[in-house]
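Here's the structure we're looking at; comments come further down.
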Amino acid sequence: MELNADEMILLALKEDITFGDISSDAVLPKAAMGSVELIAKQDGVIAGLPVFKRVFELIDGSIDIKFMVDDGDLVHSGEKLAVLRGDLHSLLSGERTALNYLQHMSGIATYTRSMADILEGSGIKLLDTRKTTPCNRIFEKYAVKIGGGNNHRFNLSDGVMLKDNHIAAAGGIKNAVAMAKKEVSFVRKIEVEVENLNMVREAVEAGADIIMLDNMDYETMKEALKIIDGKAETECSGNVTAENVAKLAALGVNYISSGALTHSAPILDISMKNMRLEEICKV
(Lines give C-alpha, C1' and ligand atoms only; values in the text may rest on other atoms or scores of the structure.)
Protein backbone atom coordinates (compact mmCIF):
# COMPACT_ATOMS: atom_id res chain seq x y z
CA MET A 1 0.00 0.00 0.00
CA GLU A 2 2.88 2.35 0.84
CA LEU A 3 4.18 2.68 -2.72
CA ASN A 4 0.71 3.45 -4.07
CA ALA A 5 -0.27 5.75 -1.21
CA ASP A 6 2.81 7.93 -0.85
CA GLU A 7 2.13 9.97 -3.98
CA MET A 8 -1.39 10.78 -2.80
CA ILE A 9 -0.28 11.62 0.73
CA LEU A 10 2.45 13.92 -0.56
CA LEU A 11 -0.09 15.73 -2.74
CA ALA A 12 -2.32 16.20 0.31
CA LEU A 13 0.60 17.57 2.31
CA LYS A 14 1.56 19.95 -0.50
CA GLU A 15 -2.05 21.13 -0.63
CA ASP A 16 -1.96 21.97 3.10
CA ILE A 17 1.61 23.23 3.43
CA THR A 18 1.94 25.19 0.20
CA PHE A 19 4.43 27.82 1.39
CA GLY A 20 5.21 26.56 4.90
CA ASP A 21 3.27 26.51 8.16
CA ILE A 22 3.33 30.15 9.27
CA SER A 23 1.30 29.55 12.45
CA SER A 24 3.77 26.95 13.76
CA ASP A 25 6.71 29.10 12.58
CA ALA A 26 5.36 31.95 14.69
CA VAL A 27 4.95 30.06 17.97
CA LEU A 28 7.99 27.81 17.54
CA PRO A 29 10.89 30.01 16.42
CA LYS A 30 13.27 27.35 17.77
CA ALA A 31 13.09 23.57 17.47
CA ALA A 32 11.21 22.05 20.38
CA MET A 33 10.52 18.46 21.37
CA GLY A 34 7.27 17.29 22.91
CA SER A 35 4.32 14.94 22.75
CA VAL A 36 0.63 14.86 21.88
CA GLU A 37 -2.13 12.28 22.34
CA LEU A 38 -4.54 10.89 19.75
CA ILE A 39 -8.01 10.75 21.32
CA ALA A 40 -11.28 9.23 20.05
CA LYS A 41 -14.26 11.55 20.52
CA GLN A 42 -16.85 9.04 19.27
CA ASP A 43 -17.42 5.29 19.42
CA GLY A 44 -16.54 3.55 16.18
CA VAL A 45 -14.21 1.32 14.18
CA ILE A 46 -10.71 2.67 13.71
CA ALA A 47 -9.16 2.48 10.25
CA GLY A 48 -6.20 4.21 8.63
CA LEU A 49 -3.56 4.08 11.36
CA PRO A 50 -0.79 3.16 8.86
CA VAL A 51 -1.80 6.15 6.70
CA PHE A 52 -1.90 8.43 9.75
CA LYS A 53 1.61 7.28 10.65
CA ARG A 54 2.87 7.63 7.09
CA VAL A 55 1.86 11.30 6.97
CA PHE A 56 4.25 12.06 9.82
CA GLU A 57 6.99 9.80 8.43
CA LEU A 58 6.95 11.78 5.20
CA ILE A 59 7.21 15.06 7.13
CA ASP A 60 9.77 13.96 9.73
CA GLY A 61 11.11 10.43 9.97
CA SER A 62 12.19 10.97 13.59
CA ILE A 63 8.64 11.23 14.96
CA ASP A 64 7.80 8.28 17.22
CA ILE A 65 4.20 7.01 17.39
CA LYS A 66 3.01 4.43 19.91
CA PHE A 67 -0.43 3.04 19.02
CA MET A 68 -2.68 1.53 21.70
CA VAL A 69 -5.12 0.08 19.12
CA ASP A 70 -5.04 -1.63 15.72
CA ASP A 71 -7.05 -1.07 12.55
CA GLY A 72 -10.39 -2.81 12.89
CA ASP A 73 -10.66 -2.29 16.65
CA LEU A 74 -13.81 -0.82 18.14
CA VAL A 75 -12.83 2.35 20.00
CA HIS A 76 -14.82 4.42 22.46
CA SER A 77 -15.27 8.12 23.09
CA GLY A 78 -12.48 9.45 25.31
CA GLU A 79 -10.16 6.51 24.59
CA LYS A 80 -6.47 7.27 24.05
CA LEU A 81 -5.44 5.72 20.74
CA ALA A 82 -1.81 6.78 20.45
CA VAL A 83 0.96 8.99 21.79
CA LEU A 84 3.14 10.90 19.32
CA ARG A 85 6.57 12.27 20.30
CA GLY A 86 8.97 14.41 18.33
CA ASP A 87 9.50 17.88 16.96
CA LEU A 88 6.42 19.93 17.82
CA HIS A 89 6.57 21.86 14.55
CA SER A 90 6.39 18.60 12.60
CA LEU A 91 3.52 17.35 14.76
CA LEU A 92 1.56 20.55 14.22
CA SER A 93 2.21 20.66 10.47
CA GLY A 94 1.05 17.10 9.89
CA GLU A 95 -1.91 17.16 12.28
CA ARG A 96 -4.72 18.16 9.92
CA THR A 97 -3.74 15.98 6.98
CA ALA A 98 -3.18 12.93 9.18
CA LEU A 99 -6.49 13.44 10.97
CA ASN A 100 -8.37 13.98 7.70
CA TYR A 101 -7.32 10.54 6.51
CA LEU A 102 -7.93 8.84 9.86
CA GLN A 103 -11.33 10.43 10.48
CA HIS A 104 -12.59 9.72 6.97
CA MET A 105 -11.32 6.16 6.82
CA SER A 106 -12.61 5.36 10.31
CA GLY A 107 -16.00 6.80 9.37
CA ILE A 108 -16.16 4.48 6.34
CA ALA A 109 -15.08 1.48 8.42
CA THR A 110 -17.68 2.29 11.08
CA TYR A 111 -20.52 2.64 8.59
CA THR A 112 -19.42 -0.48 6.74
CA ARG A 113 -19.33 -2.45 10.00
CA SER A 114 -22.91 -1.40 10.78
CA MET A 115 -24.06 -2.91 7.47
CA ALA A 116 -21.78 -5.94 7.61
CA ASP A 117 -23.15 -6.83 11.05
CA ILE A 118 -26.68 -6.87 9.63
CA LEU A 119 -25.58 -9.28 6.89
CA GLU A 120 -23.54 -11.52 9.18
CA GLY A 121 -24.45 -15.17 8.74
CA SER A 122 -26.46 -14.57 5.57
CA GLY A 123 -23.69 -15.62 3.17
CA ILE A 124 -24.21 -12.37 1.23
CA LYS A 125 -21.12 -10.32 0.45
CA LEU A 126 -21.31 -6.58 1.04
CA LEU A 127 -19.51 -4.69 -1.75
CA ASP A 128 -18.33 -1.15 -2.28
CA THR A 129 -18.39 0.68 -5.65
CA ARG A 130 -16.25 3.08 -7.68
CA LYS A 131 -18.17 6.02 -6.18
CA THR A 132 -15.11 7.21 -4.32
CA THR A 133 -13.41 10.55 -3.74
CA PRO A 134 -10.96 11.23 -6.59
CA CYS A 135 -7.42 10.16 -5.66
CA ASN A 136 -8.65 8.64 -2.38
CA ARG A 137 -9.92 5.29 -3.69
CA ILE A 138 -7.02 3.27 -2.26
CA PHE A 139 -7.75 4.64 1.22
CA GLU A 140 -11.53 4.36 1.03
CA LYS A 141 -11.59 0.81 -0.31
CA TYR A 142 -9.06 -0.23 2.34
CA ALA A 143 -11.38 1.21 4.99
CA VAL A 144 -14.31 -0.80 3.60
CA LYS A 145 -12.30 -4.01 4.06
CA ILE A 146 -11.33 -3.03 7.60
CA GLY A 147 -15.02 -2.50 8.33
CA GLY A 148 -15.90 -6.01 7.17
CA GLY A 149 -16.98 -5.27 3.60
CA ASN A 150 -15.53 -6.44 0.30
CA ASN A 151 -14.12 -4.55 -2.67
CA HIS A 152 -15.91 -4.61 -6.02
CA ARG A 153 -13.81 -3.45 -8.98
CA PHE A 154 -10.90 -1.23 -7.98
CA ASN A 155 -10.92 0.51 -11.36
CA LEU A 156 -11.94 0.09 -15.00
CA SER A 157 -9.03 -2.29 -15.61
CA ASP A 158 -10.17 -4.65 -12.89
CA GLY A 159 -13.31 -6.30 -14.26
CA VAL A 160 -16.02 -6.30 -16.91
CA MET A 161 -19.25 -4.55 -15.98
CA LEU A 162 -21.62 -3.71 -18.82
CA LYS A 163 -23.74 -0.77 -17.69
CA ASP A 164 -26.59 1.00 -19.46
CA ASN A 165 -24.38 3.12 -21.68
CA HIS A 166 -22.16 0.18 -22.67
CA ILE A 167 -25.31 -1.73 -23.62
CA ALA A 168 -26.62 1.22 -25.62
CA ALA A 169 -23.28 1.64 -27.38
CA ALA A 170 -23.21 -2.07 -28.31
CA GLY A 171 -26.81 -2.13 -29.53
CA GLY A 172 -28.23 -4.32 -26.78
CA ILE A 173 -27.30 -6.79 -24.06
CA LYS A 174 -26.86 -9.74 -26.42
CA ASN A 175 -24.32 -7.86 -28.53
CA ALA A 176 -22.55 -6.37 -25.53
CA VAL A 177 -22.04 -9.75 -23.84
CA ALA A 178 -20.96 -11.44 -27.08
CA MET A 179 -18.42 -8.70 -27.76
CA ALA A 180 -17.09 -8.86 -24.21
CA LYS A 181 -16.69 -12.64 -24.40
CA LYS A 182 -14.79 -12.26 -27.66
CA GLU A 183 -12.44 -9.51 -26.50
CA VAL A 184 -11.85 -10.31 -22.81
CA SER A 185 -9.88 -13.23 -21.39
CA PHE A 186 -11.97 -16.26 -20.42
CA VAL A 187 -10.78 -15.90 -16.81
CA ARG A 188 -12.83 -12.69 -16.45
CA LYS A 189 -16.45 -12.84 -15.37
CA ILE A 190 -18.90 -10.66 -17.25
CA GLU A 191 -21.37 -8.66 -15.18
CA VAL A 192 -24.41 -6.99 -16.71
CA GLU A 193 -26.41 -4.20 -15.08
CA VAL A 194 -30.16 -4.50 -15.68
CA GLU A 195 -33.03 -2.17 -14.84
CA ASN A 196 -36.17 -4.15 -15.73
CA LEU A 197 -37.40 -7.71 -16.26
CA ASN A 198 -36.93 -7.66 -20.03
CA MET A 199 -33.27 -6.82 -19.50
CA VAL A 200 -33.03 -9.63 -16.95
CA ARG A 201 -34.27 -12.12 -19.53
CA GLU A 202 -31.83 -10.80 -22.14
CA ALA A 203 -28.90 -11.04 -19.71
CA VAL A 204 -29.77 -14.64 -18.82
CA GLU A 205 -30.10 -15.63 -22.49
CA ALA A 206 -26.83 -13.87 -23.33
CA GLY A 207 -24.95 -15.90 -20.72
CA ALA A 208 -23.95 -13.18 -18.28
CA ASP A 209 -21.96 -14.50 -15.31
CA ILE A 210 -23.31 -11.93 -12.86
CA ILE A 211 -26.53 -9.95 -13.17
CA MET A 212 -26.83 -6.72 -11.21
CA LEU A 213 -30.37 -5.66 -10.33
CA ASP A 214 -30.02 -1.91 -10.36
CA ASN A 215 -32.52 0.45 -8.71
CA MET A 216 -35.39 -2.02 -8.90
CA ASP A 217 -38.20 -2.11 -6.36
CA TYR A 218 -38.39 -5.08 -4.04
CA GLU A 219 -41.15 -6.98 -5.83
CA THR A 220 -39.48 -6.57 -9.21
CA MET A 221 -36.25 -7.97 -7.78
CA LYS A 222 -38.14 -10.99 -6.47
CA GLU A 223 -39.48 -11.64 -9.97
CA ALA A 224 -36.02 -11.11 -11.46
CA LEU A 225 -34.51 -13.75 -9.19
CA LYS A 226 -37.15 -16.24 -10.32
CA ILE A 227 -36.19 -15.58 -13.94
CA ILE A 228 -32.47 -15.94 -13.21
CA ASP A 229 -33.10 -19.13 -11.21
CA GLY A 230 -29.43 -19.80 -10.44
CA LYS A 231 -28.23 -19.34 -14.03
CA ALA A 232 -26.04 -16.43 -12.93
CA GLU A 233 -24.76 -14.91 -9.72
CA THR A 234 -26.84 -11.98 -8.54
CA GLU A 235 -26.14 -8.55 -7.13
CA CYS A 236 -28.55 -5.86 -6.04
CA SER A 237 -27.55 -2.21 -6.05
CA GLY A 238 -29.00 1.27 -5.93
CA ASN A 239 -29.64 3.42 -2.85
CA VAL A 240 -28.53 0.68 -0.47
CA THR A 241 -28.13 1.97 3.09
CA ALA A 242 -27.94 0.58 6.61
CA GLU A 243 -31.67 1.28 6.91
CA ASN A 244 -32.78 -1.02 4.07
CA VAL A 245 -30.01 -3.61 3.76
CA ALA A 246 -31.78 -6.15 6.01
CA LYS A 247 -34.83 -6.21 3.74
CA LEU A 248 -32.63 -6.61 0.67
CA ALA A 249 -30.76 -9.47 2.32
CA ALA A 250 -34.02 -11.40 2.54
CA LEU A 251 -34.01 -11.67 -1.27
CA GLY A 252 -31.14 -14.13 -1.14
CA VAL A 253 -28.85 -12.46 -3.69
CA ASN A 254 -25.14 -13.26 -3.75
CA TYR A 255 -23.95 -9.68 -3.41
CA ILE A 256 -25.23 -6.32 -2.19
CA SER A 257 -23.30 -3.25 -3.32
CA SER A 258 -23.53 0.17 -1.77
CA GLY A 259 -21.98 3.43 -2.94
CA ALA A 260 -23.00 4.91 0.40
CA LEU A 261 -20.16 3.04 2.10
CA THR A 262 -17.68 5.47 0.60
CA HIS A 263 -19.65 8.53 -0.50
CA SER A 264 -22.00 9.01 2.45
CA ALA A 265 -20.25 7.70 5.58
CA PRO A 266 -19.83 10.48 8.18
CA ILE A 267 -16.37 10.94 9.66
CA LEU A 268 -15.44 9.48 13.03
CA ASP A 269 -14.47 12.35 15.33
CA ILE A 270 -10.84 11.95 16.42
CA SER A 271 -8.50 14.65 17.75
CA MET A 272 -4.89 15.27 18.67
CA LYS A 273 -4.98 16.75 22.17
CA ASN A 274 -2.89 17.44 25.28
CA MET A 275 0.26 18.67 23.49
CA ARG A 276 3.18 19.06 25.89
CA LEU A 277 6.41 20.94 25.43
CA GLU A 278 9.28 18.83 26.82
CA GLU A 279 12.46 20.47 25.58
CA ILE A 280 13.56 23.52 23.59
CA CYS A 281 16.48 22.46 21.47
CA LYS A 282 19.67 24.48 21.47
CA VAL A 283 20.63 25.83 18.07
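Every heavy atom of this structure was used, including side-chain atoms; hydrogens, water molecules and symmetry mates were not. Since the structure is predicted, the reported quantities are computational estimates derived from the model, not experimental observations.
- L162 places none of its side-chain heavy atoms less than 4.5 Å from the side chain of I173.
- Partners of K181 by salt bridge (charged side-chain N to carboxylate O under 4.0 Å, His left out), not counting sequence neighbours: none found.
- For the residue pair E140/H104, the side-chain donor-acceptor check at 3.5 Å is satisfied.
- For the pair S24 (side chain) and D21 (backbone), a donor-acceptor distance under 3.5 Å is absent.
- For K247, there are no salt bridge (charged side-chain N to carboxylate O under 4.0 Å, His left out) partners two or more places apart in sequence or in a different chain.
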Would you please test L88 and L277 for side-chain contact (heavy atoms from CB on, under 4.5 Å) and show each step?
-> CA-CA 8 Å; L88 292 182; L277 172 64; 3.7 Å; yes
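- Side chains of I167 and V192 form a contact here, defined as non-hydrogen atoms less than 4.5 Å apart.
- Partner of H152 under the side chain to side chain contact (heavy atoms under 4.5 Å, CB included) criterion, out of V144, L127, T129: L127 alone.
- Side-chain atoms of S258 come within 3.5 Å of backbone atoms of A260 as a donor-acceptor pair (strictly under, hydrogens ignored).
- Y101 has its ring centre no less than 6.0 Å from the ring centre of F52.
- Checked by atom type and distance alone, the side chain of T110 pairs as donor or acceptor with a backbone atom of V45 at under 3.5 Å.
- Side chain of N254 to main chain of T234: a donor-acceptor pair is present (N/O by atom type, distance under 3.5 Å, no hydrogens or angles).
- Between E191 and M161 there is a side-chain heavy-atom pair separated by less than 4.5 Å.
- Hydrophobic clustering (side-chain heavy atoms under 4.5 Å, transitive across Ile, Leu, Val, Met, Phe, Trp, Tyr) groups V240 together with M216.
- The shortest distance between side-chain heavy atoms of H89 and D25 falls below 4.5 Å.
- A donor-acceptor pair under 3.5 Å is formed between the side chain of S114 and the backbone N or O of Y111.
- A side chain to side chain donor-acceptor pair (under 3.5 Å) with R137 is found for one member of D128, N151, T132, N155 and no other, namely T132.
- Nearest heavy atoms, C135 versus M8: O-CG, 3.7 Å.
- Look at D16 and R96 and you find no salt bridge, because none of the NZ, NE, NH1 or NH2 atoms lies under 4.0 Å from a carboxylate O.
- Side-chain atoms of D43 come within 3.5 Å of backbone N or O of S77 as a donor-acceptor pair.
- Heavy atoms only, all atoms of each residue included: E37 and N274 are closest at OE1-ND2, 2.8 Å.
- Of the possible polar contacts, one joining the T262 side chain to the K131 backbone as a donor-acceptor pair under 3.5 Å is found.
- Legend: residues meeting salt bridge (charged side-chain N to carboxylate O under 4.0 Å, His left out) with E120, ordered by chain and number and at least two apart, are absent.
- The residue from V55, V51, I17 that alone fulfils the side chain to side chain contact (heavy atoms under 4.5 Å, CB included) condition with T97 is V55.
- For the pair L156/R130, a side-chain contact is recorded, criterion being any heavy-atom separation below 4.5 Å from C-beta on.
- Across every non-hydrogen atom of K273 and I39, the tightest pair is CB-CG1, 4.3 Å.
- The two residues G72 and R113 make their nearest non-hydrogen contact at O-NH2, 3.2 Å.
- At distances below 3.5 Å, at least one donor-acceptor pair connects side-chain atoms of N196 with backbone N or O atoms of M199.
- Interatomic distance, S90 OG to L84 CG, rounded to the nearest 0.5 Å: 11.5 Å.
- By the 4.5 Å heavy-atom criterion applied to side chains, R85 and I65 are not counted as neighbours.
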